[in-house]
Amino acid sequence: MRPGAAASRGGAGGSASRAAGEERALTSVAAGDRYDREREAADAGTDGDPGRPAAAHTAERAREGRARPADLTRLWHITLRVAGAEAPPQEVRRGLEQLAHDHPFLLTSRYANDHAEVRYWEEARDLHDAAAVALRLWGEHRQSARLPPWEIVGLDVVDRDTYHQRLAEGYGPPPATPVGVHPF
C-alpha cells in the first residue's frame with residue numbers, strides 16, 4: 001500500500017462512497033508459486049539453470065518463437081485525461097512541467113484551467129500493468145508536482161503497433177509534437 005493511503009475497504013461488489021479528495025487504496029492479487037519461483041530464478045540470474053544466465057534463456061525462447069509473456073515487455077502509448085475545478089493556468093502549466101521533470105518519459109501535455117491531457121510511452125508486460133501505472137501517475141505526483149486535485153476522466157492505453165496503425169489510418173491523435181507542455 002502506498003504511504004498515506006487509506007486501507008482498502010473491500011466489500012462485496014460495490015464501492016463505498018469516498019469523501020471529496022480521499023484516495024482509493026490500490027489492491028492486487030497474489031501472483032502465485034510459479035511466479036515466485038520464476039522471479040527468484042530471474043533475480044539469481046539463472047532462470048532455473050545455474051549454468052546459464054536468464055537473459056540467454058529469454059533470448060533463446062524469443063528466437064524460437066516461444067517466449068513467455070512474462071519474459072517480454074512492450075511499449076504502450078498512454079493518454080491520460082484529468083479534469084476538475086478551475087485552477088490558474090500558470091499553476092497548471094508549472095505542475096505539468098514539474099511532472100515532466102519527475103517522469104521523464106512524458107511526451108507532451110496540454111492544459112486549460114479546468115482540464116489537462118498527458119501523453120507518454122510506458123514500458124510494461126501487458127495492458128493491465130500499463131494501465132495500473134497510468135492510473136496512479138496523477139495521484140502519486142499530485143503533491144510533489146503540486147498538481148491540481150483533479151480526477152482522471154479518461155484513459156487510453158494502446159500498444160505500439162496499434163498506435164502506429166491508428167496513425168497510418170488517420171485515426172487517433174497525431175504524434176506528440178511539439179514535445180512539451182502547451183495550452184489547448
Side-chain angles (χ1 to χ4, degrees), residues 1-29 73-167 169-184:
M1 184 178 349
R2 292 185 325 265
S8 175
R9 287 179 282 284
S15 62
S17 61
R18 296 186 311 267
E22 180 182 349
E23 288 191 37
R24 178 177 18 192
L26 298 176
T27 60
S28 63
V29 177
T73 60
R74 296 165 38 193
L75 283 177
W76 300 88
H77 186 267
I78 310 288
T79 304
L80 180 70
R81 292 176 187 87
V82 295
E86 288 189 12
Q90 64 274 19
E91 293 290 321
V92 176
R93 179 183 183 95
R94 190 216 37 76
L96 289 171
E97 288 172 344
Q98 182 63 47
L99 178 62
H101 181 266
D102 294 347
H103 196 287
F105 300 107
L106 292 183
L107 294 173
T108 188
S109 298
R110 299 187 302 167
Y111 67 94
N113 62 344
D114 63 348
H115 65 283
E117 176 185 272
V118 176
R119 294 173 52 194
Y120 66 99
W121 289 97
E122 184 69 60
E123 185 176 10
R125 184 181 45 142
D126 57 24
L127 184 136
H128 182 269
D129 289 349
V133 170
L135 289 170
R136 290 191 309 261
L137 179 73
W138 192 264
E140 288 182 353
H141 290 274
R142 186 176 294 157
Q143 286 186 341
S144 65
R146 296 190 319 231
L147 296 165
W150 295 342
E151 67 177 335
I152 296 172
V153 296
L155 176 64
D156 183 46
V157 181
V158 295
D159 68 352
R160 184 178 179 189
D161 292 338
T162 303
Y163 175 77
H164 289 294
Q165 181 181 357
R166 283 182 177 181
L167 290 179
E169 294 174 353
Y171 299 110
T177 53
V179 172
V181 178
H182 308 280
F184 271 105

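- Between His164 and Trp121, the angle of the ring planes stays under 30°, which puts this pair in the parallel group of the 30/60° scheme.
- The closest side-chain heavy-atom distance from Tyr111 to Val181 is below 4.5 Å.
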Next item on the list: Quick one: do Gln98 and Leu96 satisfy side chain to side chain contact (heavy atoms under 4.5 Å, CB included)? Show the steps, please.
Entry: CA-CA 5 Å; Gln98 182 63 47; Leu96 289 171; over 6 Å; no

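- Side-chain contact between Val92 and Asn113: absent, with no pair of heavy atoms (C-beta onward) separated by less than 4.5 Å.
- Residues Leu80 and Leu137 form a side-chain contact, since some pair of their non-hydrogen atoms from C-beta on lies under 4.5 Å apart.
- Under the 4.5 Å side-chain criterion, counting only non-hydrogen atoms from C-beta, Trp76 is not in contact with Glu123.
- Between Trp150 and Trp138, the ring planes lie parallel to each other; the angle is under 30°, not in the 30° to 60° tilted range.
- In this structure, the separation between CD1 on Ile78 and CG on Leu155 is 6.5 Å, given to the nearest 0.5 Å.
- Ring planes of Tyr163 and His77: parallel class, angle under 30° (limits at 30 and 60°).
- Heavy atoms only, all atoms of each residue included: Ala145 and Leu99 are closest at CB-N, 3.9 Å.
- Taking all atoms of both residues into account, the shortest heavy-atom contact from Ala130 to Ala124 is N-CB, 3.6 Å.
- Residue Asp159 holds its CG atom at 9.5 Å from CG of Leu75, rounded to the nearest 0.5 Å.
- For the pair Glu122 and His103, the minimum side-chain heavy-atom distance is below 4.5 Å.
- Within the 4.5 Å cutoff, the side chain of Ile152 has heavy atoms near those of the Leu135 side chain.
- With rounding to the nearest 0.5 Å, the separation of CG in Leu147 from CZ in Arg94 is 7.5 Å.
- Of all the heavy atoms in Arg93 and Pro183, the pair that sits closest is NH1-CD, 4.1 Å.
- Here His141 contributes atom NE2 and Arg136 contributes atom CZ; the two are 10.0 Å apart, rounded to the nearest 0.5 Å.
- Arg146 contributes atom CZ, which lies 7.0 Å from atom CD of Glu91 (distance to the nearest 0.5 angstrom).
- For Gln143, the CD atom sits in a loose shell: 12 or fewer heavy atoms of surrounding residues, nucleotides or ligands are nearer than 6.0 Å.
- In this structure, a donor-acceptor pair under 3.5 Å is absent between the side chains of Gln165 and Asp161.
- Applying the salt bridge (Lys or Arg N to Asp or Glu O under 4.0 Å) criterion to Glu151, with sequence neighbours excluded, gives no partner residue.
- To the nearest 0.5 Å, atoms OG1 (Thr162) and CD (Glu169) are separated by 10.0 Å.
- Using a 4.5 Å heavy-atom cutoff, the side chains of Asp156 and Val158 are in contact.
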